[in-house]
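Since we're looking at a predicted model, the values are computed, not measured. Counting from 1, the numbers follow the sequence of the chain as shown.
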Amino acid sequence: MDHGHFCWNELLTWDIDAAKAFYATLYGWTYDASGRDDGYWIAWNNGQPAAGLFQMTPERFAGVPAHWFAYIADQDVDASLARLVAQGGTVVRESFVVGDMRMAIVRDAGGAFFGLCQKLGDEA
């Protein structure tokens, strides 16, 4: 993962089955359940992971429309969170680990949301 480059995209949707059908028809994507218990799917394109699809729930996402969400590769998520706050950004969700990835959800100083994503073992 190249530090500072967009590295992963997720579709957060209210209707996972409709979204899967839409992108399967549009791009030929196939899907595998992630094994997580939160409705997360991995989309595949030509044998490569293309994106994640996440089933939104009213408990966590009331009033939020379906949307794409992007992650930027980072060599040290926790250090970047401190720099982000110092520059006027906001930490929406502190760093957390999923599999071999450390992630965080943030807003930049202008209010745009994005995620940070660090492959564990790739620390600077």
Side-chain angles (χ1 to χ4, degrees):
M1 292 179 30
D2 293 329
H3 181 76
H5 288 238
F6 285 94
C7 62
W8 189 244
N9 292 292
E10 295 175 334
L11 174 64
L12 285 77
T13 180
W14 290 104
D15 188 341
I16 198 80
D17 292 329
K20 288 167 44 183
F22 178 87
Y23 290 100
T25 300
L26 187 62
Y27 294 116
W29 287 359
T30 59
Y31 305 93
D32 286 326
S34 68
R36 295 171 23 186
D37 62 359
D38 60 358
Y40 196 86
W41 290 79
I42 304 296
W44 294 85
N45 186 22
N46 296 323
Q48 298 292 319
L53 283 77
F54 182 79
Q55 176 67 54
M56 293 168 45
T57 61
E59 300 80 25
R60 292 184 61 196
F61 296 97
V64 177
H67 62 280
W68 280 96
F69 187 80
Y71 286 87
I72 298 174
D74 197 292
Q75 292 176 337
D76 188 338
V77 165
D78 293 322
S80 291
L81 291 177
R83 289 193 313 275
L84 176 123
V85 170
Q87 294 183 38
T90 306
V91 177
V92 176
R93 182 171 179 202
E94 292 287 345
S95 68
F96 57 97
V97 174
V98 177
D100 65 347
M101 307 300 275
R102 176 173 304 283
M103 307 169 101
I105 309 300
V106 300
R107 289 176 73 177
D108 69 17
F113 289 88
F114 65 101
L116 304 177
C117 186
Q118 170 188 351
K119 184 165 178 54
L120 295 175
D122 285 353
E123 294 82 6

Mind checking the CD-OH spacing from Gln55 to Tyr40? Nearest 0.5 Å is all I need.
->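 Answer for the CD-OH pair, Gln55 versus Tyr40, is 13.5 Å.
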Does the side chain of Tyr71 reach to within under 4.5 Å of the side chain of Ile105, using non-hydrogen atoms?
->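 The answer is yes; the side chains approach within 4.5 Å.
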Once you round to the nearest 0.5 Å, how far does CE of Met103 lie from CZ of Phe96?
->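 These two atoms lie 5.5 Å from each other.
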Shortest non-hydrogen contact from Tyr31 to Lys20?
->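 Closest pair (atom of Tyr31, atom of Lys20, distance): OH-O, 2.8 Å.
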Neighbour count >12 (heavy atoms, 6.0 Å) for atom CG, Asp100 |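 Atom CG in Asp100 is packed in, count exceeds 12.
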Phe54 and Phe61 aromatic ring geometry - parallel, tilted or perpendicular at 30°/60° bounds |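 Answer is perpendicular, since the angle exceeds 60°.
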Is it true that Leu120 and Val77 fall in one hydrophobic cluster, defined by side-chain heavy atoms closer than 4.5 Å?
->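 No, because Leu120 and Val77 fall into different hydrophobic clusters, even though each may have its own neighbours under 4.5 Å.
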Spatial distance of atom SG (Cys7) from atom NZ (Lys119) [nearest 0.5 Å] =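 With rounding to 0.5 Å, SG (Cys7) is 11.0 Å from NZ (Lys119).
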Given side chains that start at C-beta, do those of Phe6 and Cys117 come closer than 4.5 Å, heavy atoms only?
->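 No, too far: nothing below the 4.5 Å cut-off.
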Do you reckon Leu12 sits in the same ILVMFWY cluster as Ile16, going by side-chain contacts under 4.5 Å, direct or chained?
->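 Unlinked, Leu12 and Ile16 end up in two clusters.
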Run the numbers on Asn9 and Leu11 for side chain to side chain contact (heavy atoms under 4.5 Å, CB included), then give the verdict.
-> CA-CA 7 Å; Asn9 292 292; Leu11 174 64; over 6 Å; no
Looking only at heavy atoms, what is the nearest atom pair of Val92 and Arg107, with distance?
->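 Here Val92 and Arg107 meet closest at CG2-CG, 3.7 Å.
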Would you give the length of the straight line joining atom CG of Leu53 to atom CH2 of Trp29, rounded to the nearest 0.5 angstrom?
->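 Those atoms lie 6.5 Å apart.
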Do the side chain of Asp2 and the main chain of His5 share a donor and acceptor less than 3.5 angstrom apart?
->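 Checking the backbone N and O of His5 against the side chain of Asp2, no donor-acceptor pair under 3.5 Å is found.
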Test applied, ring-ring contact (aromatic ring centres under 6.0 Å, His included); reference residue, Trp68; option that passes from Trp8, Phe114, Tyr23 |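 The single option meeting the ring-ring contact (aromatic ring centres under 6.0 Å, His included) with Trp68 is Tyr23.
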Gln48 and Asn45, any side-chain heavy atoms less than 4.5 Å apart |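 The answer is no; the side chains never approach within 4.5 Å.
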Check the pair His3 / Asp74 against side chain to side chain contact (heavy atoms under 4.5 Å, CB included), numbers first and verdict last.
-> CA-CA 5 Å; His3 181 76; Asp74 197 292; 3.9 Å; yes
Among the clusters formed by ILVMFWY side chains lying less than 4.5 Å apart, do Met101 and Ile42 turn up in the same one?
->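 Yes: a chain of side-chain contacts under 4.5 Å links Met101 to Ile42.
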Are Phe113 and Leu84 grouped together when hydrophobic residues (ILVMFWY) are joined by side-chain heavy atoms under 4.5 angstrom apart?
->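 Cluster IDs for Phe113 and Leu84 differ.
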Going by heavy atoms in the side chains, are Phe69 and His67 under 4.5 Å from each other?
->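 The answer is yes; the side chains approach within 4.5 Å.
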Check whether Val97 and Leu81 end up in the same hydrophobic cluster, where Ile, Leu, Val, Met, Phe, Trp and Tyr are linked by side-chain heavy atoms less than 4.5 Å apart.
->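 Unlinked, Val97 and Leu81 end up in two clusters.
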Side chain to side chain contact (heavy atoms under 4.5 Å, CB included) assessment of Asp78 paired with Arg102 | CA-CA 9 Å; Asp78 293 322; Arg102 176 173 304 283; 3.7 Å; yes
